[in-house]
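One structure below.
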Amino acid sequence: MVKQTAAKLLKGDVKGVAEDITETFKRTIGLSGVVIISLSSMLGSGLFVMPAFAADIMGPGIWLAFLVAASIVLPGALSKAELSSSMPSSGGSYVYLEKTYGPMVGTISGIGLWASFMLKASFALIGFSAYMYTVTTYFDFNLNTMMVSLGALVLITVVNIFGIKKVKAIQTPILVVTLGLLFIMCIVALFDPSTDLSKPWNGAINADPLTLAETSAFVFVAYAGVTKVAAIGGEVKNPEKNLPYGMLLSLSIATLLYCVITFMMMATIPGEWWVSSDGSTPEDPIYIFVDAVAGTKVGVLAAILAILTMISMALAGILAASRFLFAMARDNLLPQALEEVNAKYETPHWPIIFTGFAMGLAIFTLPVKDVAKLASGFKIMIFMAINSCVIVLRNTRHKHDLVAKYESPWYPYIQLWGIFAGLALIIIMGEKAFIGAGAALLIGLITYYSYGKKHAQVRSTPFDTFRKQFVNPSPTEHDKRLAVFHAADFGGKNHLTIKEFQNALSSLGFSFNSDDSRHIFHQADTNEDGVIDIDEFLNTFESLEEE
């Protein structure tokens, strides 16, 4: 199978390779798994921090803003489900935009995606510090919340570099326990005689349309994780059904949770609680809600659960953000260092460190509300671009060998709604959204013209040359290559990182420059995990018949 697939790849038979990959990878994630992964990516800072800031904009009717935001997220979810069924590759939205519009747009979108995930993870750590302050105050000891946030950032950055995947396994049970507690609180509040259900209802019905739109734009980032599961489409069973159904189901569940919890929160907590006595906005609305319903002790329990949830989500946020830099480097749009994986831990350490550093700057310099606005603004623009990808590819499919196993319904009206409604939200959001868009555009253009344009040229010649030089070796030459490849394997794990691969090529006498060797490595790294298996690589290319 490996030999056949490699031969198809070298002949440019993309469809044949895709079919082989579909048959080769074991699909283990069902519909329930898709829903859990998607929900775990969404219900973090959007639930634990954002309601207070949304209420500061709109008042008690914020549940309607979450509903409106969900209606604008829906087209992007449908569009990404379609794109993921035709382009199953790591890098997610960046890959779709780069393949549709080229490397310049790919660079800009990659920078924007990295920024949005980075800012959302920063937002979670800022909210985490507010809940930490609540807990430390209750137990009567003092901590500098800013230092705690930065300390947590250093910890989760190191954890990402070590690649301790088991830490993520606790995210789902923590989230389930927290949501279960909130669900019970909503039921208890419903039967409390002091609960005023008319307050959130009237607040929504009487809201100014522009204020509603501004609040919807602000909370948009709360749904950012709904499409993240598309990045693992190759591991999903029956993806043409489970991916779109899973996205839609998780979006429906998240929308219901956001609307119900914020509705009951506004109906239960007396007065304009979203404005503190000093005029600031509290960053721990879930604690305030649970405290009002069940007392301080249960509220502190909810605060502890919130801390654990947001730390684990910030952990996943660095992981997701760093992979955009990794994917861009794989396309030669960023320097090679950003695609190198650590020989010992097998993680892209430089993208992780750079993302952690940027998060530290955001936590230290940006107000929490501005962080949320920038993250939402970036995400709205990406969803708009994803909707446009579907329109472009649907109209040019006869020129491309991209077959979508799932097609979004209501085309093109649902995509047009996502584009124009998103544009309206960005305009209404105002200055912060345009500053964020301008920054992403400027940084993306500078990056592309200063580096990417010089290096990201698609070439098949180096790979063809390498293939011809590598086939049918003598037994002595084969043994020499094997020895050199194993000597270059500093991690001792029987596979090579890109730097180790380049060292091996140099030792074997191949005179490829950095860009050419990167291109060869990417062609060989078919599963895009940043390493290539030594024996499989040698056996595959040495056994091919020279054309």
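The aromatic rings of Phe383 and Phe220 sit perpendicular, their planes meeting at an angle over 60°, well past the 30° parallel limit.
With rounding to the nearest 0.5 angstrom, the OH atom of Tyr411 is 9.5 Å from the OG atom of Ser79. Separating the CG atom in Leu150 from the CZ atom in Phe364 is a distance of 7.0 Å, to the nearest 0.5 Å. With rounding to the nearest 0.5 angstrom, the CE atom of Met118 is 8.5 Å from the CG atom of Leu361. Here CG of Leu325 is found 6.5 Å from CD1 of Ile111. Values are rounded to the nearest 0.5 Å. In this structure, Ile382 CD1 and Asn387 CG are separated by 11.5 Å, a value rounded to the nearest 0.5 Å. The CG atom of Leu333 sits 9.0 Å away from atom OH of Tyr451, with the distance rounded to the nearest 0.5 Å.
Phe218 and Met50 make their closest contact through CE2-CG, 3.6 Å (heavy atoms, listed as atom of the first residue, atom of the second, distance). Between Phe326 and Glu339, the closest heavy-atom pair is CE1-O, 3.2 Å. Met359 and Leu153 get closest at one heavy-atom pair: CE-CD1, 3.7 Å. In plain terms, the two heavy atoms of Ile428 and Ala213 that are nearest each other are CD1-CB, 3.3 Å. Between Glu407 and Glu82, the closest heavy-atom pair is CA-OE1, 3.5 Å. The heavy-atom pair separating Ile72 from Gly418 by the smallest distance is CG2-O, 4.3 Å.
A 4.5 Å side-chain heavy-atom check between Asn503 and Leu496 finds every atom pair outside the cut-off. The shortest side-chain heavy-atom distance between Ser408 and Gln415 falls under the 4.5 Å cut-off. Between Ile311 and Leu155, every side-chain heavy-atom pair lies at or beyond the 4.5 Å cut-off. In this structure, the side chains of Leu338 and Met328 stay at 4.5 Å or more apart for every pair of heavy atoms. Leu334 has its side chain out of reach of Thr107: every pair of non-hydrogen atoms, C-beta onward, lies at least 4.5 Å apart. Looking at Ile156 and Leu125, their side chains come closer than 4.5 Å, going by heavy atoms from C-beta outward. When side chains are defined from C-beta on, Lys499 counts as touching Gln336, because their heavy atoms get closer than 4.5 Å.
Counting non-hydrogen atoms of neighbouring residues, nucleotides and ligands closer than 6.0 angstrom, the CZ atom of Phe53 exceeds 12 such neighbours.
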Apply side chain to side chain contact (heavy atoms under 4.5 Å, CB included) to the pair Tyr223 and Leu251, showing each step before the final yes or no. CA-CA 8 Å; Tyr223 295 100; Leu251 177 60; 3.6 Å; yes

- Where do Leu113 and Lys379 land on the side chain to side chain contact (heavy atoms under 4.5 Å, CB included) test, with the steps shown first? CA-CA 7 Å; Leu113 282 160; Lys379 206 63 189 177; 4.0 Å; yes

query = Would Leu248 and Leu74 count as a side chain to side chain contact (heavy atoms under 4.5 Å, CB included) if you check the C-alpha gap in whole Å, the side-chain angles of each, and the deciding distance to 0.1 Å?
reply = CA-CA 8 Å; Leu248 294 177; Leu74 176 62; 3.3 Å; yes

Can Leu119 and Val221 be said to form a side chain to side chain contact (heavy atoms under 4.5 Å, CB included), step by step?
CA-CA 10 Å; Leu119 288 170; Val221 74; over 6 Å; no

**Asked** Step by step, would you call Tyr101 with Ser109 a side chain to side chain donor-acceptor pair (under 3.5 Å)?
**Response** CA-CA 10 Å; Tyr101 294 113; Ser109 64; over 6 Å; no

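With hydrogens and angles disregarded, no donor-acceptor distance shorter than 3.5 Å links the side chain of Ser506 to the backbone of Gln502. Side-chain N or O atoms of Ser388 include one that pairs as donor or acceptor with a backbone N or O of Ala385 at under 3.5 Å.
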